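Throughout, residue positions are numbered sequentially from 1 according to the sequence presented. Quantities reported herein were computed from a predicted structural model and do not represent experimental measurements.
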Amino acid sequence: MPLCSNDLDWEERLKQELNEAQYRFATAEAPAILGLAGPGSGKTRALVYRAAHIIKCGVSPHELLLLTFTNKAAEEMKERLHRLLGFWPEDLWAGTFHSIGARLLRRHAAHLNRQSNFSILDEDDSRAMLKDLVKLGDNERILLIKRGLLASVISHCRNADLSIEDVLEEFYPQYREYAGLIRQLYEQYQSRKEAANAFDFDDLLLGWLELFTREPSIRESYRRRFKHVLVDEFQDTNLVQGRIVDLFAGESSICVVGDDAQSIYAFRFAEIENILSFPKKYPGCLVIRMEQNYRSTPEIVALADCSISFNRGQLPKKLYSCRRSGEKPWVVGLRSALQEAWFVGERIQELQRSGIPLREIAVLYRSSYLATELELELVRRGIRYRTYGGLKFLQKAHIKDVLAFLKVLCNPRDEVAWRRIVTMQPGMGPAGFEKLWSSLKEAPDPVQAVVRGEVAPSRRVGGWENLRRILAAASSEREVPRTIEALLREGYQDILLKNYPDQFEERLRGIERLAAYGARFDSLEPFLEALSLEEVLFMEATASDEERRESVCLSTVHSAKGKEWEAVFIIGLNDGHFPGRWRDEAELEEERRLFYVAVTRTRRYLFLITYWDDRRAWGGAAVGTPSLFLRELPANCYQIFPVGEGYLY
């Protein structure tokens, strides 16, 4: 169906609210479309307008599939589309790759030997299951787990479509002799997941791909349904996601938007070739470049363009800014990391005095260790700050305890969750759990078997009655907040007080916030699925309004992607820190893309900081080579900050 709307007011609105490139993207007709969009160019906006335009042209929302990467981005897309249309089309599928994968697998779970109420294992759950496989006293197996090698190799193989031997040869050559053992453990891991009626996070994509590959009738039904497949942030797709998108080609119009210059997740197996090869892979592909930057001053954009031009593997584009001219970025050369911290603290307070609120200031770094001195300095000055890139709310032990109880109630065959809630009880250890599990897994309903006393430990232990009481109370509730309240009231609050006497109130508040979040859901299953698919730091969602409003952001560059501030400091710009250690040109180019993402987070002020007495360098040597990314910049795109006596630490 041609993408032409009879609504003249809508057509006029498109022309008024989109620039020329965005308008072409939103209304184009082609079997494949690549929106090549720079930072701050409104690429997600253009994608949402395209989805709205397709619906305005008479295509049923039932025939659209919108895919993105984070829950936050997915919710933003849905909210924007709702506003544009004036209603939310209930039969439209929109969400992250993983959430859509989970939705498909719940519909067709039997084809992959699961039931529709399967659990989704997070990273810690997967590691716990793998750890259980190697706890038999075998020193070689224990070595694999202690080094984290087993989980890393398995995930790498599955996401990058490489053999165990290939991954070990390239990334862990000292462990090549363990290839056979890793394969054996991987096969056992797959069997354990199936027996537990569970998928891990990788399975949500791999199972989707396997379902479409093994079951042609299912694949064809979805290909016929989804006439338009729209993908945001396409530069972040991995091989599996790229192949899933490819499977829709032919029947569907494939429209993707992304920026190869912002592909920075190779460590998560993102495959930049997916976007670089897209125009060649799809005959008749229409490439539309969105190069107008709405975020940053021309001086910031010019520096970013200069830097990324050194990358050879890219789809060329030329950014330009529509904003008023501002000051050139500052390059700051200092003596040490301590002086760097002092300088940043001083400048933050100067910016604050000039009228820029703390929430509009960010300090970015390649790795979290680079912020150690700065955090101490901000504490000394009394400057409030938030950090990103650390331990997530959902990974904290007390939150995982509560979620384990809820997972057991939702999926009574979840072995990992059972192990956690049993072994946290006094007198119940790993050996006792193994004996108990042999009986539990045979029961028609393991939860009710425990509640009714049909399954119990062979010897009397005090913690068992506590567990029975908790499960009895919680299993009688239906609403998420009331279920969590029952868990606390009937026994978990006592466990919390015993395990964290000095942090009891803080951790209890966290559980209460989790319960408040659960009020949005009708039952446990959608609540647990939403949490399993959550990728943003929950601390942001649970921070008070005042904390979000008046605090500086300290963040790794990876965690800062998609955000923007009025003023940005990039610290630790020394070779070995930023860029980090790199082995070949491909890794160096990804480091340069990371620098590109960092500098394009700011709207007006940018400080690029290096120091020459670098005693944090590997080996303890005092080296201080400024970052390659500073040395290769032409002098006309920055200015040197005049570091006078007042700035010497």
Side-chain angles (χ1 to χ4, degrees), residues 39-40 293 295-308 319 321 323-358 360-366 370-371 373-374 377-378 381 383 552-555 557 560 563-575 577-579 592 594-614 624-649:
N293 180 288
R295 176 187 301 152
S296 307
T297 63
E299 291 77 10
I300 303 296
V301 169
L303 184 142
D305 251 0
C306 284
S307 177
I308 203 64
L319 295 184
S321 172
R323 293 196 59 187
R324 183 187 305 172
S325 183
E327 65 180 33
K328 288 184 178 181
W330 294 100
V331 171
V332 187
L334 299 168
R335 180 187 303 152
S336 65
L338 289 173
Q339 189 182 5
E340 175 189 68
W342 188 90
F343 174 86
V344 172
E346 191 76 5
R347 288 298 297 167
I348 286 173
Q349 292 181 320
E350 289 178 13
L351 288 168
Q352 193 178 16
R353 286 192 292 269
S354 72
I356 297 177
L358 290 179
E360 285 292 347
I361 302 172
V363 184
L364 307 182
Y365 32 83
R366 175 65 177 82
L370 292 168
E373 292 85 354
L374 177 60
E377 179 67 21
L378 296 182
R381 290 174 180 263
I383 299 174
V552 176
C553 178
L554 272 56
S555 176
V557 182
K563 300 183 177 70
E564 60 183 72
W565 296 271
E566 196 72 1
V568 168
F569 299 82
I570 305 177
I571 65 173
L573 281 168
N574 288 43
D575 282 351
H577 295 327
F578 199 173
R592 191 178 284 110
L594 192 62
F595 180 68
Y596 177 83
V597 167
V599 301
T600 54
R601 297 308 93 199
T602 185
R603 294 192 287 270
R604 289 176 61 195
Y605 303 109
L606 178 63
F607 298 87
L608 308 172
I609 307 176
T610 185
Y611 41 83
W612 57 84
D613 186 5
D614 181 11
T625 305
S627 170
L628 169 65
F629 303 148
L630 294 181
R631 302 198 311 271
E632 65 191 8
L633 288 173
N636 63 357
C637 70
Y638 62 85
Q639 53 187 329
I640 301 293
F641 193 92
V643 182
E645 289 299 319
Y647 279 102
L648 293 178
Y649 186 83

Expected output: side-chain S296 to main-chain T602 donor-acceptor under 3.5 Å: yes
Student check: side-chain heavy atoms of D575 and S627 closer than 4.5 Å: yes
Between S321 and N293: side-chain donor-acceptor atoms closer than 3.5 Å: no
Straight-line distance of L374 CG to W342 CH2, nearest 0.5 Å: 13.5 Å
Stepwise side-chain contact (heavy atoms from CB on, under 4.5 Å) test for R347 and F569: CA-CA 10 Å; R347 288 298 297 167; F569 299 82; 3.6 Å; yes
K328/E299 ion pair, N-O < 4.0 Å: no
Heavy-atom closest contact (V643 atom, G333 atom, distance): CG2-O, 3.8 Å
Worked verdict on Y638 versus L630 for side-chain contact (heavy atoms from CB on, under 4.5 Å): CA-CA 10 Å; Y638 62 85; L630 294 181; over 6 Å; no
E360 backbone acceptor or donor facing E566 side chain under 3.5 Å: no
Expected output: side-chain R604 to main-chain T297 donor-acceptor under 3.5 Å: no
Approximate separation, where rounding is to 0.5 Å, of Y365 OH and F578 CZ: 12.5 Å
Nearest-0.5 Å distance that lies between atom CD1 in I300 and atom CG in L606: 4.5 Å
Min side-chain heavy-atom separation R381-E377 under 4.5 Å: yes
Point-to-point distance, once rounded to the nearest 0.5 Å, from CD1 of I571 to CG of L334: 11.0 Å
Within-4.5 Å side-chain heavy-atom neighbours: R592 and L628: yes
Side-chain touch I383/Q352, heavy atoms, less than 4.5 angstrom: no
Exercise: identify the closest heavy-atom pair between C553 and W565: SG-CZ2, 3.6 Å
Y605 side chain to V568 backbone, donor-acceptor under 3.5 Å: no
L633 and S307, any side-chain heavy atoms less than 4.5 Å apart: yes
Gap between atom CD1 of I609 and atom CD of E340 - 0.5 Å precision: 5.5 Å
Approximate separation, where rounding is to 0.5 Å, of R366 CZ and N574 CG: 14.0 Å
Donor-acceptor under 3.5 Å (R323 side chain, R295 main chain): yes
Side-chain heavy-atom pair L554, L378 within 4.5 angstrom cut-off: yes
Heavy-atom pair of closest approach, residues A304 and Y596: O-CD1, 3.5 Å
Flag side-chain contact, heavy atom, 4.5 Å: L608 against F629: no
Aromatic ring pairing F607/W330, orientation class (parallel under 30°, perpendicular over 60°, tilted between): parallel
L573 side chain reached by V331 side chain, heavy atoms, under 4.5 Å: no
R631 atom CZ: more than 12 heavy-atom contacts under 6.0 Å: yes
